[in-house]
Amino acid sequence: MRLRFAPSPTGALHIGGARTALYNWLLARRPDPGSGEPGTLVLRIEDTDRERSTPEAVEQILDALRWLGLDWDEGPIFQSERAERHRQALDQLLAGGHAYHSSATGEDVRAFKARHGAERGFRGAPEDPDPARPSAVRLRLPDRGETGFDDVIRGPIRFPNVNLDDPVIARADGSVLYNFAVAIDDLDAGITHVVRGEDHISNTPKQLLVIEALGETPPRYAHLPLLHGPDGKKLSKRHGAASVQELRDAGYLPEAVDNYIALLGAGFAADEEHFSLAELAERLRLERVSKNPAIFDERKLRHINGLHLRELATDELTRRLERFTGRTGLRGAVEISAEKIQTLAAFWPLAGFVFDGPSDDPAAAAKVLGHDGAIELLRQARARLAAVEPFALETIETALRGLVEESAVKPGQVYQPLRVALAGTTVSPGIFETVALLGREETLARADGALERYG
RNA sequence: GCCGCUAUCGUCCAGGGGACUAGGACGCCGCCCUCUCACGGCGGAAACCCGGGUUCGAAUCCCGGUAGCGGUACCA
């Protein structure tokens, strides 16, 4: 199996494009069910639009792919670097009478359809090339018969040739168009399976016709369903995150992103959905991929992210969190926060107080410390903590639970004022763990600070 | 308009002629656990687009309609 993926080099790696890349990668990274041989993955860059595909933009795409844990065996191959070969194939078609020069414009095509009916494909009149006035090149299509293929996911798809326009395959300036270039490149790279988005279904007959005119054998095609935003429309910025880069910035783990986007359309049995890349590669079966478009649901991504996050060893999670936040010395706080966060971004709002001091949340203070007896209980908690020996998790817990029992109050009446004194907020990691991490000196200082301010 | 693809809970997936009283997950609601928030556990509400046909029997197969989406460039 030889596969390829060809992201648009516009800087942002769209989530749909990421899934296409991932599926190709998964398919290539496990032994072919038939031969037992591993597949080969070719990266192709469609970079003919110089405005959008700068070297920086291309590098951003590659970076996003690497972040997802994907690699490739050959490439990147730049479409722009293959101009000579494209020119040669074009000459071959021209010489063989499969293509012809045509200066027909979009206007001419519309006029043609007005005469022959909207469903009638455009057929142009061949013109002699005039060096003074270069013209575009169109592929000559047959009127009879149909062009079709057996989609691995969807089954047979057929297009009556009579409905297809003679496609322009080269511009007047000699540069070739995507549907021509990609067909040549797939052939030359020996691609056996083209796995891409559903938006390419109607491009397929054009590519097939090019390959046929060249007398070559086409690869197999599999068209993946598209990904949409929660409103059913094409996924875009206003849906929150539309690119892999945005997901990374939002604190998602690459293994969770891989897991979730692979699930959208994977058609796995419903009993499990928490997978590593290796497990995904083992299970993915193109024939089972769903045919309907999926809606990207960030809430489910969060859930799966939480699963992968809690699976990380503390040291590894610490490493990632330190890189994400740009801070160091986070390990202790990570240890007591890990089970409470779903994304990397959730860590600092939960545990940042350990390093930056209690956050200033007057509403929380008023709500908790304003209660009858809260200040007094905080004072007593402070006193007990001052006397705890040694200052460790178990002894701290014993001391505070003792206070709860002896005061005959609900646990929260002791813990919440203390929490607000230490963290500034009503939500934090476990109170005993927080006290132990802060240490006696810091804990007492913060308790004193709260007593002074609100007492 | 034309060409094409698709149609099961709000969402993602199972189920592909009888095992369907349609299953799981996310989300939502309730309860339990509990120092807050999470995690975890238990329970609940929630779907076969519509109409024909085939068949003893249709969510499942066929046809039509409708809807959604994609394409319709001298873009990729």
Side-chain angles (χ1 to χ4, degrees), chain A residues 6-10 46-49 51-53 79 102-106 109 113 117-121 134-138 151 153-154 157-160 163-165 167-179 181-182 197-206 223 225-226 228 230 232-234 260 263-274 288 290-304 306-307 310 337-342 346 350 364 368 397 400-401 404 410-416 418-420 423 425-434:
Chain A
S8 279
T10 53
E46 290 156 359
D47 65 338
T48 49
D49 188 340
E51 293 299 307
R52 296 186 305 162
S53 48
Q79 180 175 322
S102 167
S103 56
T105 62
V109 173
K113 287 177 185 291
E119 71 290 340
R120 172 76 236 244
S135 59
V137 176
R138 286 183 188 267
D151 193 283
I153 295 169
R154 288 154 209 280
I157 300 179
R158 318 230 161 277
F159 297 82
N163 294 327
L164 267 17
D165 295 335
V168 173
I169 54 177
R171 301 181 182 85
D173 69 4
S175 62
V176 298
L177 263 40
Y178 165 76
N179 281 126
V182 77
E198 190 186 0
D199 48 341
H200 282 284
I201 288 181
S202 42
N203 283 332
T204 310
K206 301 177 195 173
H223 289 95
L226 263 20
H228 291 145
K233 294 283 173 10
K234 199 178 168 71
Y260 177 64
L263 245 30
L264 291 176
F268 292 166
D271 55 339
E272 275 180 83
E273 35 189 38
H274 177 193
R288 280 198 56 95
S290 156
K291 294 194 262 290
N292 24 349
I295 290 175
F296 181 82
D297 182 5
E298 197 170 335
R299 289 178 306 191
K300 185 147 185 175
L301 206 212
R302 290 182 79 83
H303 173 256
I304 289 182
L307 257 30
R310 269 171 256 126
S337 306
E339 65 173 13
K340 298 177 182 297
I341 57 176
Q342 282 188 305
L350 180 73
V368 173
E397 179 164 354
L400 291 175
R401 284 197 191 282
V404 169
K410 284 187 285 189
Q413 290 180 266
V414 168
Y415 302 141
Q416 281 305 80
L418 183 56
R419 188 185 308 280
V420 168
T425 54
T426 56
V427 176
S428 83
I431 194 68
F432 311 125
E433 290 81 359
T434 300

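Only this structure's heavy atoms are used, side chains among them; waters, hydrogens and symmetry mates stay out.
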CD of A:Glu119 versus P of B:G4: gap in Å, rounded? 11 Å
Just one of A:Arg419, A:Lys340, A:Glu433 clears the side chain to side chain donor-acceptor pair (under 3.5 Å) bar with A:Ser428, so which one? A:Arg419
Roughly how many Å apart are B:G44 and B:U8, using the P atom of each and rounding to a whole number? 25 Å
Distance in angstrom units between A:Lys291 NZ and B:G4 P, rounded: 18 Å
Heavy-atom closest pair, residues A:Leu264 and A:Ile295: CD2-O, 4.1 Å
Does B:C75 pair with anything, Watson-Crick or G-U wobble, both distances under 3.5 Å, and if so, with which nucleotide? none
Between B:C13 and B:G18, how far is it from one C1' atom to the other, in whole Å? 24 Å
Taking NZ, NE, NH1 and NH2 as the nitrogens, is one of them in A:Arg138 or A:Asp165 under 4.0 Å from a carboxylate oxygen of the other? no
Atom pair distance, as rounded to whole Å: CZ in A:Phe159 and P in B:C3: 12 Å
Same-atom distance (P) from B:C37 to B:G43, integer angstrom: 24 Å
Return the value, rounded to whole Å, for the distance between atom CD1 of A:Ile157 and atom P of B:G4. 11 Å
Side-chain heavy-atom pair A:Leu350, A:Pro429 within 4.5 angstrom cut-off: yes
Please figure out whether A:Pro225 or A:Pro160 has its closest RNA chain B nucleotide nearer the 5' end. A:Pro160
Interface polar pairs with nucleotides 38-45 of chain B, N/O, under 3.5 angstrom:
from, atom 1, to, atom 2, distance (Å)
B:A38, O2', A:Glu339, O, 3.2

Rounded to whole Å, CG of A:Leu263 lies from P of B:A14 at a distance of 10 Å
Base-pairing assignment for B:A59 (Watson-Crick or G-U wobble, both under 3.5 Å): none
Considering only atom P, compute the distance from B:C26 to B:C39 and round it to an integer number of Å. 10 Å
Looking at every strand, decide which applies to A:Arg302 at a 4.0 Å heavy-atom threshold: base, sugar-phosphate, or nothing. nothing
Quantified in whole Å, what is the C1' atom distance between nucleotide B:A46 and nucleotide B:C29? 11 Å
On a whole-Å scale, what distance lies between the P atoms belonging to B:A22 and B:C48? 11 Å
pair_partner(B:U21), Watson-Crick or wobble, both distances < 3.5 Å, evaluates to none
For B:U54, the nucleotide meeting Watson-Crick or G-U wobble distances (both under 3.5 Å) is none
Is there a donor-acceptor contact under 3.5 Å from the side chain of A:Asp47 to the main chain of A:Pro9? no
Nucleotide forming a Watson-Crick or wobble pair with B:C69, both distances under 3.5 Å: B:G4
Between the main-chain N or O of A:Arg302 and the side-chain N or O of A:Tyr260, is there a donor-acceptor pair closer than 3.5 Å? no
Under a 4.5 Å cut-off applied to non-hydrogen side-chain atoms, are A:Pro205 and A:Leu164 in contact? yes
Determine the Euclidean distance between corresponding P atoms of B:U36 and B:C49; express it in Å to zero decimal places. 44 Å
Answer yes or no: is there a side-chain heavy-atom contact under 4.5 Å between A:His223 and A:Ile153? no
Identify the nucleotide, in any strand shown, that forms a Watson-Crick or G-U wobble pair with B:C9, with both distances under 3.5 Å; if there is none, say none. none
G-U wobble or Watson-Crick pairing nucleotide for B:U36 (cut-off 3.5 Å, both distances): none
Sub-4.5 Å side-chain heavy-atom contact between A:Pro225 and A:Asn292: no
Look at all strands and tell whether A:Arg120 reaches a base, only sugar-phosphate, or nothing, counting heavy atoms closer than 4.0 Å. nothing
Once you apply the 3.5 Å cut-off to both distances, tell me the Watson-Crick or G-U wobble partner of B:G27, or none. none
For atom P, what is the distance between B:U66 and B:C50, given to the nearest Å? 16 Å
Sequence-aligned protein contact record of nucleotides 62-76 of chain B, with B where the base is within under 4.0 Å of a protein heavy atom and S where only the sugar-phosphate is: -------SSS--BSB
Per-nucleotide protein contact string for nucleotides 28-35 of chain B (B base, S sugar-phosphate only, - none; heavy atom under 4.0 Å): -------B
Under 4.0 angstrom between A:Arg288 side-chain N/O and B:G15 OP1 or OP2: yes
Rounded to whole Å, please give me the gap between CG in A:Leu400 and P in B:U36. 14 Å
CG of A:Leu264 versus C1' of B:U11: gap in Å, rounded? 10 Å
Using a heavy-atom cut-off of 4.0 Å across all strands, would you classify A:Gly265 as base, sugar-phosphate, or nothing? sugar-phosphate
At what distance, to the nearest 0.5 angstrom, does CG of A:Leu400 lie from CD1 of A:Ile431? 7.5 Å
